[in-house]
Trainee: 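If you scroll down you'll find the structure; I have some questions about it.
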Amino acid sequence: MQKCEVREITAGETIPIRCAILRPGFPPEAAIFEGDDRPDTRHFGCFLDGQLQGVASIYRAPLPGGVPVQEGFQLRGMAVQPEMRGRGCGVALVRACELQARSQGADLLWCNARSKAVEFYRRHGFSTVGEEFDIPTVGPHWRMVLPLKK
Ligand SMILES: CC(C)(COP(=O)(O)OP(=O)(O)OC[C@H]1O[C@@H](n2cnc3c(N)ncnc32)[C@H](O)[C@@H]1OP(=O)(O)O)[C@@H](O)C(=O)NCCC(=O)NCCS
């Protein structure tokens, strides 16, 4: 099976996949996230056979309600094309984000995981905190954290 290759991409390159998978039925602007253009934000793409098939981004942001001294990064906009799932793109993107957050001094990586994706994140070291909550127009989520050991 073709190995996936992860590399940094621009915010603009994330939009078509983000929009199709995470904001279906909405215009592309709905897939632009606050902070996309901040200098310490990073966007990653996963390529199979040279084609972009998955995206994920990290943003410097403290864990809501977390310990203030901890440097946090939020993982957002994680999406892999449906026909390309199960080939390792998702895990490769998580690992690239984890490595980058660590290199930017993060103590932890956190995300608001769609409830359907909780098991995916759990398999890759994240754990849930708090209770399930709803994000209007998107659906049920759990906050999940991955501590990054120095
Ligand atoms: C979640 C998602 C990014 C995973 O991408 P993927 O490329 O299929 O993931 P991988 O191929 O790297 O999967 C790695 C492992 O996690 C497992 N896995 C993937 N999605 C899973 C899920 N939703 N629940 C449980 N396990 C899952 C895979 O079976 C695989 O297990 P294995 O290592 O035993 O083979 C993808 O399913 C997706 O885009 N979903 C829709 C959007 C979404 O929910 N994004 C997350 C928003 S918070």
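When a ligand or atom number is given, it counts from 1 through the structure's own listing order.
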Trainee: Would Leu146 and Val6 show up in the same hydrophobic cluster when neighbours are defined by side-chain heavy atoms closer than 4.5 Å?
Mentor: yes
Trainee: Where is the tightest heavy-atom contact between Trp110 and Ala61, given as atom of each residue plus distance?
Mentor: NE1-O, 3.0 Å
Trainee: Which ligand 1 atoms does Arg87 reach within 4.0 Å, using its non-hydrogen atoms?
Mentor: 11 (O)
Trainee: Is the CD atom of Glu83 crowded by more than 12 outside heavy atoms at less than 6.0 Å?
Mentor: yes
Trainee: Return the residue, atom name and 0.1 Å-rounded distance of the protein heavy atom closest to atom 16 (O) of ligand 1.
Mentor: Phe120 CD1, 3.5 Å
Trainee: Judged by non-hydrogen atoms, does Ala79 sit under 4.0 Å from ligand 1?
Mentor: yes
Trainee: Give the numbers and elements of all ligand 1 atoms closer than 4.0 Å to a heavy atom of Gly88.
Mentor: 10 (P), 11 (O), 12 (O)
Trainee: Quick check on contacts: which atoms of ligand 1 are under 4.0 angstrom from a heavy atom of Glu119?
Mentor: 24 (N), 25 (C)
Trainee: Looking at Ala79 and Ile17, what are the two nearest heavy atoms and their distance?
Mentor: O-CG2, 3.8 Å
Trainee: So, is Arg123 polar-close to ligand 1, with some N/O to N/O distance under 3.5 Å?
Mentor: yes
Trainee: Quick check on contacts: which atoms of ligand 1 are under 4.0 angstrom from a heavy atom of Gly90?
Mentor: 5 (O), 6 (P), 7 (O), 9 (O), 10 (P), 12 (O)
Trainee: Tell me the closest heavy-atom pair linking Gly45 and Leu52, and the distance in Å.
Mentor: CA-CD1, 3.5 Å
Trainee: Is there a path of hydrophobic side-chain contacts, each under 4.5 Å between heavy atoms of I/L/V/M/F/W/Y residues, joining Tyr121 to Ile58?
Mentor: yes
Trainee: Checking the N or O distance criterion of under 3.5 Å, is ligand 1 in contact with Gly86?
Mentor: yes
Trainee: Kindly confirm or rule out an N or O of Leu22 lying under 3.5 angstrom from an N or O of ligand 1.
Mentor: no
Trainee: Does atom 35 (O) of ligand 1 have a protein non-hydrogen atom under 4.0 Å from it?
Mentor: no
Trainee: How far is atom 38 (C) of ligand 1 from the closest protein heavy atom, and which atom is that?
Mentor: Arg85 NE, 3.4 Å
Trainee: Report the nearest protein non-hydrogen atom to atom 39 (O) of ligand 1: residue, atom name, distance rounded to 0.1 Å.
Mentor: Val80 N, 2.8 Å
Trainee: Ignoring angles and geometry beyond distance, decide whether Val91 reaches within less than 3.5 Å of ligand 1 through its nitrogen or oxygen atoms.
Mentor: yes
Trainee: Report the residue from Leu109, Asp107, Leu108 that forms a side chain to side chain contact (heavy atoms under 4.5 Å, CB included) with Leu63.
Mentor: Leu108
Trainee: Would a single hydrophobic cluster contain both Leu48 and Val55, if residues Ile, Leu, Val, Met, Phe, Trp and Tyr are joined by side-chain heavy-atom contacts under 4.5 Å?
Mentor: no
Trainee: Give yes if a backbone or side-chain nitrogen or oxygen of Arg114 is under 3.5 Å from a nitrogen or oxygen of ligand 1, and no if not.
Mentor: no
Trainee: Between Glu98 and Arg102, does at least one N-O distance fall below 4.0 Å, as a salt bridge requires?
Mentor: yes
Trainee: Short check: is a protein heavy atom less than 4.0 Å from atom 19 (C) of ligand 1?
Mentor: yes
Trainee: What atoms in ligand 1 come closer than 4.0 Å to a heavy atom of Lys116?
Mentor: 23 (N)
Trainee: Consider every N or O of Met78 and every N or O of ligand 1, then say whether any pair is closer than 3.5 Å.
Mentor: yes
Trainee: Kindly assign one of parallel, tilted or perpendicular to the pair Tyr59 and Phe33, based on the angle between their ring planes and the thresholds 30° and 60°.
Mentor: tilted
Trainee: Of the backbone atoms (N, CA, C, O) and the side-chain heavy atoms from C-beta on, which set of Ile21 has a member under 4.0 Å from an atom of ligand 1: side chain, backbone, both, or neither?
Mentor: side chain
Trainee: Considering residues, nucleotides and ligands other than Asp40, do more than 12 of their heavy atoms fall under 6.0 Å from its CG?
Mentor: yes
Trainee: Give the atoms of ligand 1, by number and element, whose distance to some non-hydrogen atom of Tyr121 is under 4.0 Å.
Mentor: 46 (C), 48 (S)
Trainee: Considering all heavy atoms of both residues, which atom of Cys4 and which atom of Arg87 are nearest to each other, and what is their separation?
Mentor: SG-O, 4.1 Å
Trainee: May I ask you to list the atoms of ligand 1 that are less than 4.0 angstrom from any heavy atom of His124?
Mentor: 14 (C), 15 (C), 16 (O)
